[in-house]
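One structure is given below, encoded as structure tokens.
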Amino acid sequence: MPKLRLKSPIVEMDGDEMTRVMWQWVKEELVLPFVEVDLVYFDLSLENRDRTDDQVTVDAANAIKQYGVGVKCATITPNAQRVAEYNLKQQWRSPNATIRGILDGTVFRTPILVSRVPPIVRSWQKPITIGRHAYGDVYANQEYRVPGAGKAELVFTPADGAAPVRYTIHEFKGPGIVQGIHNRDDSMQGFARACFMLGYDMKVDVWLGVKDTISKTYDARFRQIFEEEFETNWRARYEAAGLTFFFTLIDDAVARVMRSPGGFLWACKNYDGDVMSDMLASACGSLAMMSSVLVSPNGYFEYEAAHGTVQKHYYRHRAGEETSTNSMALIAAWAGALRKRGELDGTPEVVGFADRLEKAALETVESGIMTADLVRLATPSPEIRQVNTLEFIRQVRIRLENMN
Ligand code: NAP
Ligand code: MG
């Protein structure tokens with residue numbers, strides 16, 4: 001079977017610890033033997049970020065802007081303990097936050113469902129993708145512990161010198177708390193665009209739930225912006241594809257999600273997305289069975305695993321012990337990047353390869369061959385065989401070769 005040649009490059013971002021080890025194996029066993037691709041490589045290991053004063057992260061993000069598609073390994077976000085462990089110049093920012101800042105993206109997470117690990121919610125037959133708006137709300141708030149009686153006010157001072165606008169929040173008779181949050185139209189527009197773009201890409205309906213009956217200005221603005229974006233740029237395309245945009249109150253959305261068969265994209269405000277994506281991940285089993293993509297409103301795509309660098313497994317690996325770490329999410333990230341590259345380049349044979357790669361990984365688990373994390377979650381069966389980290393990847397390769 002001759003290798004497939006990709007028309008355009010993919011930006012590759014290497015990372016840390018156990019995921020760095022698996023990254024290499026996935027690339028050598030499941031990608032490079034089958035496709036010829038220009039990988040624009042950036043080493044985002046903590047050592048190299050420190051050496052380059054984190055310039056490498058900025059360069060990688062700019063390369064994604066240039067080429068459109070990137071694939072990223074998990075990376076350490078340093079805390080004080082890591083600063084000491086790696087003797088760092090400083091506590092560098094989270095690379096994901098840096099990249100998200102430069103690409104202005106929304107993160108979408110989708111569980112990878114296998115029949116051997118049934119979701120806890122029995123009605124879910126197809127994955128639910130959560131799109132979490134990663135800007136504003138309580139994550140960029142100002143809050144105050146009110147010490148005693150007094151008046152809390154919302155004050156806006158226009159930049160053009162016009163008179164300030166004031167609203168009374170509460171006349172306190174005693175101690176309490178107060179919080180100020182904000183959002184920006186351009187950020188909400190980018191969020192809406194990214195949701196409709198990915199929903200269309202995945203051929204699924206888009207849901208939005210907010211509390212606009214109570215929050216008639218703040219939450220209502222999210223609804224307005226989604227509706228405007230949908231009417232202006234998406235309605236015709238969605239209708240042609242048999243897809244819809246569904247708005248409902250957030251509490252109704254939650255109730256419907258629990259009874260739905262799945263198979264839609266759920267656009268969530270920042271806090272809702274934070275909470276609901278953890279619910280979704282735990283209801284579907286494991287972080288290692290969750291794919292993640294950053295979609296920028298300008299049409300750049302970055303694929304990654306939802307989990308971290310699996311530090312504990314790495315220390316065991318480094319000590320020469322055997323590990324059974326799950327590479328499904330990393331394989332899904334490579335498959336996602338290759339598929340998107342194929343779509344953007346108009347090369348269906350590359351899309352086909354990405355589909356086969358994903359299918360080979362799923363079939364491996366369905367055949368009963370899996371890593372320890374899944375063995376713990378799977379419906380017991382005599383077919384289940386626990387394998388080590390590399391053996392799992394080699395088993396996927398055997399299936400992939402048989403499909404080619
Ligand atoms: P983690 O790497 O996600 O691992 C936490 C635990 O989840 C592991 O100890 C393991 O449980 C299980 N797990 C996660 N991925 C697994 C996989 N592929 N296969 C099998 N089990 C898996 O989180 P962490 O240990 O809290 O964080 C480690 C480092 O990752 C931190 O330095 C953090 O900054 C970084 N991080 C990076 C990203 C990113 O780049 N996207 C995201 C989150 C965290 P058991 O030990 O029970 O087997
Ligand atoms: Mg959370």
Side-chain angles (χ1 to χ4, degrees), residues 14-34 71-76 109-120 124 127 277-278 280-292 303-337 354 356-403:
D14 211 339
D16 291 300
E17 299 194 312
M18 198 63 209
T19 41
R20 186 181 181 94
V21 174
M22 293 198 284
W23 188 259
Q24 191 65 25
W25 289 341
V26 167
K27 205 167 77 168
E28 280 171 5
E29 298 281 339
L30 302 177
V31 180
L32 299 183
F34 303 93
V71 59
K72 180 180 168 291
C73 184
T75 46
I76 294 170
R109 296 202 155 165
T110 312
I112 304 166
L113 296 184
V114 287
S115 67
R116 287 190 183 273
V117 184
I120 289 160
W124 292 353
S277 56
D278 286 337
L280 190 71
S282 100
C284 292
S286 152
L287 263 191
M289 297 297 278
M290 178 77 83
S291 68
S292 179
Y303 295 82
E304 55 161 13
H307 58 77
T309 60
V310 214
Q311 179 184 18
K312 281 189 220 142
H313 295 213
Y314 178 62
Y315 288 174
R316 292 208 287 273
H317 169 81
R318 211 173 45 179
E321 288 168 38
E322 183 168 84
T323 57
S324 181
T325 316
N326 191 339
S327 52
M328 287 292 281
L330 290 183
I331 296 171
W334 275 98
R356 289 196 297 282
L357 172 56
E358 211 163 70
K359 196 159 166 255
L362 286 171
E363 280 183 6
T364 305
V365 178
E366 293 294 9
S367 77
I369 295 173
M370 55 185 83
T371 46
D373 55 315
L374 292 186
V375 172
R376 282 197 294 268
L377 297 166
T379 313
S381 150
E383 287 168 347
I384 290 178
R385 181 157 77 84
Q386 182 176 317
V387 289
N388 67 34
T389 311
L390 182 56
E391 179 63 16
F392 180 80
I393 294 167
R394 293 215 165 119
Q395 288 288 335
V396 176
R397 179 169 181 174
I398 291 168
R399 283 163 186 76
L400 182 58
E401 276 168 348
N402 288 337
M403 282 177 196

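For the numbers below, each heavy atom of this structure counts, side chains included, while hydrogens, waters and symmetry mates do not.
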Which of Ile398, Leu390, Val396 passes side chain to side chain contact (heavy atoms under 4.5 Å, CB included) with Arg394? Answer is Leu390

Ignoring hydrogens, what is the shortest heavy-atom contact between Asp14 and Cys73? Give both atom names and the distance.
C-CB, 3.8 Å

Could you walk me through whether Ile369 and Arg399 pass the side-chain contact (heavy atoms from CB on, under 4.5 Å) check?
CA-CA 12 Å; Ile369 295 173; Arg399 283 163 186 76; 3.6 Å; yes

side-chain contact (heavy atoms from CB on, under 4.5 Å) for His313 and Met22? Distances and angles first, verdict last.
CA-CA 11 Å; His313 295 213; Met22 293 198 284; over 6 Å; no

State whether the side chain of Arg397 and the backbone N or O of Ile393 hold a donor-acceptor pair below 3.5 Å, judged by distance alone.
no

Sub-3.5 Å donor-acceptor pair from the side chain of Thr371 to the main-chain atoms of Asp373, do we have one?
no

Assess whether side-chain contact (heavy atoms from CB on, under 4.5 Å) is satisfied between Arg116 and Leu374, documenting all intermediate values.
CA-CA 9 Å; Arg116 287 190 183 273; Leu374 292 186; over 6 Å; no

Treating Asp16 as the side-chain partner and Thr309 as the backbone partner, does any N or O pair qualify as donor plus acceptor under 3.5 Å?
no

Using every non-hydrogen atom in the two residues, find where Ala329 and Ile112 come nearest and quote the distance to one decimal.
CA-CD1, 4.3 Å

If we count only N and O atoms by modelled type, under 3.5 Å, do the side chains of Ser292 and Arg109 hold a donor and an acceptor together?
yes

Lys27 atom NZ: more than 12 heavy-atom contacts under 6.0 Å
yes

Donor-acceptor pair, side chain of Thr389 and main chain of Thr323, under 3.5 angstrom
yes

Can Leu362 and Met328 be said to form a side-chain contact (heavy atoms from CB on, under 4.5 Å), step by step?
CA-CA 8 Å; Leu362 286 171; Met328 287 292 281; 3.9 Å; yes

Just by modelled atom types, is the Thr110 backbone N or O under 3.5 Å from a matching donor or acceptor in the Ser291 side chain?
yes

Parallel, tilted or perpendicular, judged at 30° and 60°: which one describes the rings of His317 and Trp25?
perpendicular

I'd like to know if the side chain of Glu366 reaches the main chain of Val114, judged simply by a donor and an acceptor atom lying under 3.5 Å from each other, with no hydrogens or angles considered.
no

